[in-house]
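One structure is given here, and the rest of the page talks about it.
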Protein chains: 2
Amino acid sequence: MNVEEAMNKLKEEGYKHTDKRLDMLQLFSDESRYIAAKDVLESLQDKYKGLSFDTIYRNLSLFSQLGILETTELDGEKKFRFSCSTDHHHHHLICLDCGKTKHIDECPMVTSPISDEGFQVVGHKFEVYGYCEKCGETKRKLNEYEKLS
Amino acid sequence: MNVEEAMNKLKEEGYKHTDKRLDMLQLFSDESRYIAAKDVLESLQDKYKGLSFDTIYRNLSLFSQLGILETTELDGEKKFRFSCSTDHHHHHLICLDCGKTKHIDECPMVTSPISDEGFQVVGHKFEVYGYCEKCGETKRKLNEYEKLS
DNA sequence: AAATAAATCGGAATGATTCTTATGAATGTA
DNA sequence: TACATTCATAAGAATCATTCCGATTTATTT
């Protein structure tokens, strides 16, 4: 999935092509990380001065419905990222600071699937959390600084 | 961990013993399921007429800090359950309707641990979602009913 | 260019959670 | 037991993310 494919999908499904939608998709396509609604707004409100939260949320939710974006819930916020183009099922390692992700190819539900007669299984979530190199370094420096004062 | 141990832990750490805390813990100990703050309030406000959300949230967060409760975020809400007494690391299968849980003994981070030089890993989440027997049955019946009308 | 259906704005409404301030309750000590 | 101290609580205000609504604007179709 890329921006062009996503825009085509929108048109196919009867949704309109707008500059805001294009820019939103471009934003996600540029970064392999989870982004919250407020960050999307922030990125675009220079270009679109009256940009409303409603527009952001409506489009994020539309994009998710259409499979253009993946979503997760973290730290009290819904976060979104461009759907990975790899065609195999996978999970992510996620930076708790900046949302940056890395693929995890193994899926526990594939390697040792959970099934239970008492439960009808409909989905699963496997996420590994940590700090990416950059954010880890920032934390280390801040920590050092704190110790000085 | 049981209610008594939890109350002892509170005292050890300098927190006071109150009836509300006891009842909250009792509520969790009775049920092996994830419960949201509003449900805790609902369960206790017959007995404690002026019971405030603040009390619930403050205590839930205290219990979590002390390791008395486990927590997860689901459907836009923080949910809590009594810490499992088993001493080995494990995960849960969770009913999306009522929060009921079942243990999953296998952990993907143990069977095939994820590590990455670029990321400093600090945690992970593995949850399987579904519907328990009871809620699945309810859904089936509702569905049938919808078709009739 | 006009018609129409969808998208957007702006702000109000909602729902979960946290904060604040004054009051009340539990514990330790005399 | 009485008192002081410290923690816990109530009530409601404040905050934050998210959704909803009515009026207006824009993209597409004709």
Side-chain angles (χ1 to χ4, degrees), chain A residues 4 6-27 34-66 68-69 71-81 99, chain B residues 4 6-27 34-66 68-69 71-81 99:
Chain A
E4 195 180 352
M7 290 303 281
N8 286 341
K9 179 143 205 168
L10 279 175
K11 196 160 277 177
E12 276 167 31
E13 303 278 340
Y15 296 102
K16 289 179 178 167
H17 176 286
T18 72
D19 288 353
K20 278 158 200 153
R21 284 182 173 162
L22 186 59
D23 282 344
M24 282 183 68
L25 291 171
Q26 196 61 57
L27 174 65
Y34 275 106
I35 305 177
K38 63 168 184 285
D39 299 320
V40 177
L41 182 73
E42 211 168 298
S43 296
L44 298 188
Q45 65 187 358
D46 277 349
K47 184 164 175 188
Y48 304 100
K49 69 165 191 158
L51 185 54
S52 139
F53 259 117
D54 189 48
T55 302
I56 303 294
Y57 277 110
R58 191 169 14 79
N59 285 327
L60 287 176
S61 130
L62 175 64
F63 295 160
S64 303
Q65 262 173 242
L66 299 180
I68 294 167
L69 296 182
T71 172
T72 194
E73 212 171 319
L74 205 51
D75 204 27
E77 281 178 318
K78 284 174 187 158
K79 309 213 174 184
F80 303 83
R81 56 158 292 141
Chain B
E4 196 181 351
M7 289 304 282
N8 287 340
K9 179 143 206 169
L10 279 175
K11 195 161 277 176
E12 277 167 31
E13 303 278 341
Y15 297 102
K16 290 179 177 165
H17 175 286
T18 73
D19 287 353
K20 279 158 200 151
R21 282 180 175 165
L22 186 59
D23 283 344
M24 280 182 69
L25 291 170
Q26 197 61 58
L27 174 65
Y34 275 106
I35 305 177
K38 64 166 183 287
D39 299 320
V40 177
L41 182 73
E42 211 168 296
S43 296
L44 299 187
Q45 65 187 0
D46 277 348
K47 183 165 176 187
Y48 304 101
K49 69 164 190 156
L51 184 56
S52 137
F53 258 117
D54 188 50
T55 303
I56 303 294
Y57 277 110
R58 191 169 14 77
N59 285 326
L60 287 176
S61 127
L62 174 63
F63 296 161
S64 302
Q65 262 174 240
L66 299 179
I68 294 167
L69 295 183
T71 173
T72 194
E73 211 171 319
L74 205 51
D75 203 27
E77 281 178 320
K78 284 175 187 158
K79 310 214 173 184
F80 303 84
R81 55 159 291 141

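Values in this document were obtained by computation on a predicted structure and should not be read as measured data. Throughout, a chain's letter reflects where its sequence line sits, starting with A, and its residues are numbered from 1.
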Which nucleotide, [options], lies nearest any side-chain atom of [X]?
X        : options                   : result
Leu51(B) : dA17(D), dA8(D), dA10(D)  : dA10(D)
Lys78(A) : dT19(D), dT9(D), dT18(C)  : dT19(D)
Glu77(B) : dA16(C), dC9(C), dA8(D)   : dA16(C)
Lys20(B) : dG11(C), dA10(D), dT27(C) : dA10(D)
Tyr57(A) : dA7(C), dT9(D), dT19(D)   : dT19(D)

Spacing between [X] atom [atom1] and [N] atom [atom2], to the nearest angstrom:
X        : N       : atom1 : atom2 : answer
Leu41(B) : dA11(D) : CG    : P     : 12 Å
Lys47(B) : dA10(D) : NZ    : P     : 13 Å
Asp39(A) : dT18(D) : CG    : C1'   : 15 Å
Asn8(A)  : dT28(D) : CG    : C1'   : 16 Å
Arg21(A) : dT8(C)  : CZ    : C1'   : 10 Å
His17(A) : dA5(C)  : NE2   : C1'   : 18 Å
Asp54(A) : dT25(D) : CG    : P     : 17 Å
Lys11(A) : dA27(D) : NZ    : C1'   : 9 Å

message = I'd like to check Lys20(B) versus Leu44(B) (side-chain heavy atoms, cut-off strictly below 4.5 Å). Are they in contact?
response =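 The answer is no, as the side chains (C-beta and beyond) never meet within the 4.5 Å cut-off.
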task = Answer with base, sugar-phosphate or nothing: what part of the nucleic acid does Arg58(B) contact at a heavy-atom distance below 4.0 Å?
result =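 Answer is base: heavy atoms of Arg58(B) come under 4.0 Å of a base.
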message = At 4.0 Å (heavy atoms only), tell me whether Ser52(A) reaches a base, stays on the sugar-phosphate, or touches nothing.
response =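 Counting heavy atoms under 4.0 Å across all strands, the contact made by Ser52(A) includes a base.
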request  = Spell out, as yes or no, whether a donor-acceptor pair under 3.5 Å connects the side chain of Thr55(A) to the backbone of Leu51(A).
outcome  =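 Judged by distance alone, no pair lies under 3.5 Å.
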Backbone of Leu69(B) reached by a side-chain donor or acceptor of Arg81(B) within 3.5 Å =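 Not a single qualifying donor-acceptor pair exists.
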message = Give me the atom names and distance for the closest heavy-atom approach of Leu74(B) to Lys79(B).
response =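 Shortest heavy-atom separation between Leu74(B) and Lys79(B) comes out as O-CE, 3.7 Å.
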request  = Heavy atoms only: give me the nearest Tyr48(B)-Asp23(B) pair and the separation to one decimal.
outcome  =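 Nearest pair, atom of Tyr48(B) first, then Asp23(B): OH-OD2, 2.6 Å.
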key: Thr18(A) side-chain N/O to dA6(C) phosphate OP1/OP2 under 4.0 Å   =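 For dA6(C), OP1/OP2 do not have a side-chain N/O of Thr18(A) under 4.0 Å.
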query = Taking only side-chain nitrogens and oxygens of Thr55(A), does any of them come within less than 4.0 Å of OP1 or OP2 of dC9(C)?
reply =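 Yes, within the criterion.
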inquiry  = Assuming nearest nucleotide by heavy-atom distance, tell me which of Ala37(B) and Lys16(B) is located more 5' along DNA chain C.
reply    =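 The residue closer to the strand's 5' end, by nearest nucleotide, is Ala37(B).
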ask   = Which comes earlier along DNA chain C counting from the 5' end, the contact point of Asn59(A) or that of Lys38(B), where each point is its nearest nucleotide?
value =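 Final value for this comparison: Asn59(A).
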